[in-house]
Amino acid sequence: MTRRPGDAEAPRATVSAEHFLGLYLAKDDPWDNATKWDDQRKYAVAVASLPRERYRRCYEPGCSIGELTRLLAPRCDEVLAVDCVDAAVDQAREAVRDLANVRVERAMLPAELPDATFDLIVVGDLLYYLSAEDLDRLLDGLVARLEPDGDIVAVHFRDRRHGGNYDGFNVHAALAERPGLERRVRHEDEWFVLDVLRRLP
Ligand SMILES: C[S@@+](CC[C@H](N)C(=O)[O-])C[C@H]1O[C@@H](n2cnc3c(N)ncnc32)[C@H](O)[C@@H]1O
């Protein structure tokens with residue numbers, strides 16, 4: 001089966017924190033993010049796609065073990081990275097121990113969005129785990145927290161072969177449809193899709 005862009009559907013219920021906890025109990029780095037070339041390349045492309053040299057305040061939901069967090073830190077005055085699993089938060093904190101401008105917290109989204117605004121939001125391999133309703137809530141919440149002229153980066157895996165929901169096209173389309181955002185970068189390759197959208201002033 002070869003899937004086309006847009007084929008995947010949102011799961012009926014948002015994938016639970018317990019599910020992700022189970023993955024971390026089985027393996028410290030469940031997706032091999034620290035060692036897999038495709039993911040390391042994805043992070044490098046994500047950081048290279050940031051239109052601005054520097055940002056004041058970055059929010060990174062679903063940070064996992066902090067691989068991308070470490071790369072975002074030198075470009076930002078402050079980074080708030082969150083994940084719904086303590087085991088991920090602990091590893092991400094360890095990964096950024098030497099970086100005073102990064103804070104890592106536990107948060108389940110969309111319920112626990114931060115009470116703050118950001119000029120950069122980076123969301124990677126997270127949106128397709130949410131039900132359609134939670135995806136809507138999270139995207140609304142993220143856009144509401146994105147400052148005018150700020151950038152939101154979405155970067156998601158494309159599963160072309162399997163029937164699962166893990167395909168970035170639909171969730172990126174849902175983000176791009178939000179009013180007041182203008183696309184600045186679009187990248188697609190055999191592994192992932194990336195969009196950088198700017199909130200119009
Ligand atoms: C596949 S990893 C993505 C890691 C990294 N962002 C990347 O792009 O490679 C997804 C992470 O999001 C976390 N996560 C999944 N659903 C979440 C939710 N609703 N709220 C907060 N974190 C969530 C998981 O625990 C996991 O660590």
Side-chain angles (χ1 to χ4, degrees), residues 8 10-50 58-73 76 79-96 102-114 120-142 145 152-159 162 164-168 171-172 174-175 187 189 191-196:
R12 242 184 281 172
T14 291
V15 180
S16 67
E18 291 68 33
H19 169 83
F20 290 105
L21 173 61
L23 298 183
Y24 282 98
L25 289 176
K27 197 172 172 187
D28 282 348
D29 178 6
W31 297 272
D32 297 317
N33 289 154
T35 51
K36 205 185 314 135
W37 167 244
D38 285 309
D39 281 329
Q40 291 291 311
R41 182 175 67 79
K42 178 186 73 176
Y43 299 139
V45 171
V47 170
S49 301
L50 296 178
C58 169
Y59 179 54
E60 190 204 355
C63 64
S64 186
I65 62 170
E67 283 294 301
L68 180 55
T69 320
R70 272 197 72 80
L71 300 177
L72 293 169
C76 306
V79 178
L80 170 61
V82 305
D83 201 283
C84 64
V85 177
D86 281 326
V89 169
D90 291 346
Q91 290 187 77
R93 282 186 181 148
E94 183 58 26
V96 300
V102 182
R103 198 154 52 90
V104 186
E105 303 289 346
R106 201 206 61 79
M108 183 67 187
L109 299 167
E112 299 177 308
L113 276 158
L120 177 64
I121 296 176
V122 181
V123 55
D125 285 340
L126 167 67
L127 298 177
Y128 43 44
Y129 295 118
L130 301 177
S131 68
E133 189 185 332
D134 279 351
L135 176 66
D136 251 9
R137 276 181 67 197
L138 181 58
L139 293 180
D140 285 347
L142 293 178
R145 283 159 181 79
I152 181 163
V153 181
V155 50
H156 284 79
F157 177 52
R158 286 227 52 214
D159 189 344
H162 305 104
N165 297 312
Y166 309 122
D167 187 300
V171 291
H172 280 228
L175 173 63
H187 169 100
D189 65 31
W191 185 253
F192 66 93
V193 53
L194 174 143
D195 279 295
V196 180

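Just so we're clear, the structure is a prediction, and the values are computed from it rather than from any experiment. We count ligands from 1, going down the list as the structure has it; atoms in each ligand are counted the same way.
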Does ligand 1 have any atom sitting under 4.0 Å from a heavy atom of [X]?
X      : value
Pro61  : no
Leu126 : yes
Asp39  : no
Leu130 : yes
Asn33  : yes
Glu112 : no
Tyr43  : yes

Around [atom], find the nearest protein heavy atom and jot down its residue, atom name and distance.
atom                    : answer
atom 20 (N) of ligand 1 : Leu109 N, 3.0 Å
atom 6 (N) of ligand 1  : Gly62 O, 2.7 Å
atom 15 (C) of ligand 1 : Phe20 CE1, 3.3 Å
atom 26 (C) of ligand 1 : Asp83 OD2, 3.4 Å

Identity of the nearest option to atom 4 (C) of ligand 1, non-hydrogen atoms only, from Ser64, Ala111, Ala154: Ser64

N/O to N/O below 3.5 Å, does that happen between [X] and ligand 1?
X      : value
Glu60  : no
Tyr24  : yes
Gly124 : yes

Within 6.0 angstrom of Arg106 CZ, more than 12 heavy atoms from elsewhere: yes

Pairing of Arg137 and Asp140 as salt bridge, 4.0 angstrom limit: no

Electrostatic pair Arg93-Glu105, nearest N-O below 4.0 angstrom: yes

Which segment of Ala17 sits under 4.0 Å of ligand 1 when only heavy atoms are counted: neither

Structural part of Leu68 in contact with ligand 1, heavy atom criterion under 4.0 angstrom: neither

Full working for salt bridge (charged side-chain N to carboxylate O under 4.0 Å, His left out) between Asp32 and Lys27: CA-CA 9 Å; Asp32 297 317; Lys27 197 172 172 187; 3.0 Å; yes

Any idea which atoms of ligand 1 are less than 4.0 Å away from a heavy-atom of [X]?
X      : value
Met108 : 18 (C), 19 (N), 20 (N)
Val85  : 25 (O)
Lys42  : 7 (C), 8 (O), 9 (O)

Donor-acceptor contact present, side-chain His156 to main-chain Val171, <3.5 Å: no

